[in-house]
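Here's the structure we're looking at; comments come further down.
This is a predicted model, so every value here is computed, not measured. We name chains A, B, ... by the order of the sequence lines, and we start the count at 1 in each one.
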There are 2 protein chains.
Amino acid sequence: MSIHTPILHNLQKHITLTKAEEDHFISILTYKEIPKKTTLLAEGQACNQLSYVHSGALRSYCLDESGKESTIMFAMADWWLTDMYCFLNEKPSMTFIETLEDSVVFSISKLHFDQLFHTISGFERFFRILMQNAYTREQLRTIENLTLKAEERYYRFLNKYPQMAGKLTQKQIASYLGITPEFLSNIRKKQLGKQ
Amino acid sequence: MSIHTPILHNLQKHITLTKAEEDHFISILTYKEIPKKTTLLAEGQACNQLSYVHSGALRSYCLDESGKESTIMFAMADWWLTDMYCFLNEKPSMTFIETLEDSVVFSISKLHFDQLFHTISGFERFFRILMQNAYTREQLRTIENLTLKAEERYYRFLNKYPQMAGKLTQKQIASYLGITPEFLSNIRKKQLGKQ
DNA sequence: CTTTAGGCTTAAAGTAGTTTAAGTTATTGT
DNA sequence: ACAATAACTTAAACTACTTTAAGCCTAAAG
């Protein structure tokens with residue numbers, strides 16, 4: 001059971017690798033230990049890393065003109081994270097990525113990423129499935145945002161990501177749901193009364 | 001310039017096909033002429049078709065318990081459309097798809113779709129890129145829904161999809177933006193005053 | 001050609017969510 | 001151990017958006 005077992009296992013969810021492919025894949029990974037509350041990507045920076053979360057938890061968010069934060073997504077162990085649009089199109093990042101707790105990630109540079117489609121025969125398939133899942137998940141989020149009230153969205157969030165709830169502040173959860181922290185506090189008070 | 005030129009051209013945006021691959025691809029397409037305001041997929045039905053829009057315009061939407069419509073997406077010439085989650089996972093459809101005007105589409109069955117990954121060497125890449133674009137577009141929509149007011153979302157919609165604006169009713173546009181038709185009418189009146 | 005249903009508008013009243021501001025409780029850095 | 005900063009709460013005033021209901025206009029169906 002090496003340090004690379006989980007990330008290899010993640011690939012093996014969707015594709016089979018030869019021993020040579022495994023070795024090559026491991027050779028391009030950059031191991032990073034990142035303390036809690038560290039920003040590893042900031043708006044405007046080159047977004048040339050795709051990261052696999054080995055342990056810990058991270059969050060990506062953007063800021064509007066007025067300085068208001070919106071949490072785009074979070075990632076815990078066994079998830080992948082980057083500013084996907086900017087990574088794929090080699091644009092300066094439009095988002096921030098920060099650790100929520102001490103984390104270990106394996107990063108792949110855009111250069112190596114592009115090569116993986118040639119060096120690992122199943123990688124195209126692997127990444128296609130990753131993108132399929134990300135797309136359908138994001139579409140569900142859109143629909144829930146359009147059709148549900150904040151209270152219902154909050155309970156679905158708690159239900160879908162119970163582990164994340166403890167790692168995020170209320171302000172961060174509110175910014176994922178698209179409401180103010182004050183209103184989330186309101187929703188929670190209401191629920192306490194019911195119990 | 002055959003009827004298949006546009007759909008082949010669409011594949012060739014991202015991959016190169018041999019003549020044999022082109023012929024095979026064309027052989028699995030189902031040509032469909034569909035009159036205006038026809039429902040070609042309804043909630044609960046098997047969603048086993050992925051459709052390329054040759055001409056015309058379509059819309060996908062879902063209904064909540066109370067009967068309220070939400071427009072998930074629309075598609076015009078040269079776009080692809082299905083209930084992606086249900087198509088990929090072979091679940092009964094959660095959405096409706098209807099034509100907004102007389103349309104011609106080429107459909108691919110899930111069975112043929114699965115085979116394409118083996119019969120066309122670049123298809124995995126093609127579909128990966130399709131999913132990448134769909135994902136990053138959807139993520140942008142989420143952020144705009146969370147951060148912008150309805151008025152701003154409406155003007156960005158008009159700006160991004162000027163051709164669609166004329167094909168959708170105000171009710172449908174409102175349901176894409178996540179507001180009531182009455183409030184959209186309000187926004188439009190306000191703008192008329194400014195001009 | 002006429003009826004009817006749907007699409008669009010208007011306006012008044014209601015509600016979900018925001019803003020501001022103040023106070024309380026944790027965390028963090030020195 | 002202390003001060004400073006951020007997290008969470010509360011409440012009152014405000015605004016964005018919804019609901020309801022009525023009226024008008026256009027297009028499709030008989």
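In this structure, R141(A) is not positioned above the aromatic face of F157(A) in the sense of NZ or CZ being under 6.0 Å from the six-membered ring centre and within 45° of the axis.
Under 4.0 angstrom from either OP1 or OP2 of dC8(C) there lies no side-chain N or O belonging to K189(B). Residue Q170(A) places none of its side-chain N or O atoms closer than 4.0 Å to OP1 or OP2 of dA6(D).
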N/O-N/O pairs, protein side and nucleotides 23-30 of chain D side, under 3.5 Å:
none

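Mapped onto DNA chain D by nearest heavy atom, K149(A) and T169(A) fall at different nucleotides, with T169(A) at the one closer to the 5' end.
Summarising the hydrophobic clusters (Ile, Leu, Val, Met, Phe, Trp, Tyr; side-chain heavy atoms under 4.5 Å, direct or chained), the residues clustered with F96(A) are Y61(A), L63(A). Other residues sharing a hydrophobic cluster with Y85(A) under the 4.5 Å side-chain heavy-atom criterion for ILVMFWY residues are M94(A).
A straight line from CG of L184(B) to P of dT18(D) spans 10 Å, rounded to a whole angstrom. Residue R188(A) contributes atom CZ, which lies 14 Å from atom C1' of dT25(C) at whole-angstrom precision. Here the C1' atom of nucleotide dA16(C) and the CG atom of N145(A) are 15 Å apart, to the nearest Å. Here dT18(D) presents its P atom at 14 Å from CG of L148(A), a figure rounded to the nearest Å. Across the protein-nucleic acid pair, Q172(A) atom CD and dA6(D) atom P stand 13 Å apart, rounded to whole Å. Distance, N186(A) CG to dG17(C) P: 10 Å, rounded to whole Å. Atom CZ in F183(B) sits about 16 Å away from atom C1' in dA13(C), given to the nearest Å. Atom OH in Y154(A) sits roughly 18 Å away from atom C1' in dA16(C) (whole-Å rounding).
With sequence neighbours left out, S185(B) forms a side chain to side chain contact (heavy atoms under 4.5 Å, CB included) with no residue at all. Scored by the ring pair (Phe, Tyr, Trp, His ring centres under 6.0 Å) test, H4(B) finds F106(B) as partners (sequence neighbours excluded). Shown here are the side chain to side chain contact (heavy atoms under 4.5 Å, CB included) partners of D23(B), two or more places apart in sequence or in another chain: K19(B). Listed by chain and number, the residues in a ring pair (Phe, Tyr, Trp, His ring centres under 6.0 Å) with F87(B) are F113(B) (sequence neighbours excluded). Qualifying side chain to side chain donor-acceptor pair (under 3.5 Å) partners for T82(A), counting only residues two or more places apart in sequence or in other chains: none. Among residues two or more places apart in sequence or in another chain, the side chain to side chain contact (heavy atoms under 4.5 Å, CB included) test is passed with T147(A) by I143(A), S70(B).
The two atoms that bring L177(B) and N145(B) nearest to each other are O-OD1, 4.4 Å, heavy atoms only.
End-to-end axis angle for the helix from dC1(C)-dG30(D) to dT28(C)-dA3(D), using five pairs per end and rounding to 10°, comes out at 50°.
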Hey, can you pull the donor-acceptor pairs under 3.5 Å for the side chains in residues 120-127 of chain B, sequence neighbours left out?
{"unit_1": "S121(B)", "atom_1": "OG", "unit_2": "E21(B)", "atom_2": "OE2", "d": "3.3"}
{"unit_1": "E124(B)", "atom_1": "OE1", "unit_2": "R125(A)", "atom_2": "NE", "d": "3.4"}
{"unit_1": "E124(B)", "atom_1": "OE2", "unit_2": "R128(A)", "atom_2": "NE", "d": "2.2"}
{"unit_1": "E124(B)", "atom_1": "OE2", "unit_2": "R128(A)", "atom_2": "NH2", "d": "2.9"}
{"unit_1": "R125(B)", "atom_1": "NE", "unit_2": "E124(A)", "atom_2": "OE1", "d": "3.3"}

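Checking dA7(D), dA16(D), dA11(D) against the side-chain heavy atoms of E182(A) singles out dA11(D) as nearest.
Two different hydrophobic clusters hold Y52(B) and I129(B) under the rule that ILVMFWY side chains link at heavy-atom gaps under 4.5 Å.
A heavy atom lying under 4.0 Å from DNA chain D marks the following residues of residues 173-180 of chain B, by number: G178(B), I179(B), T180(B).
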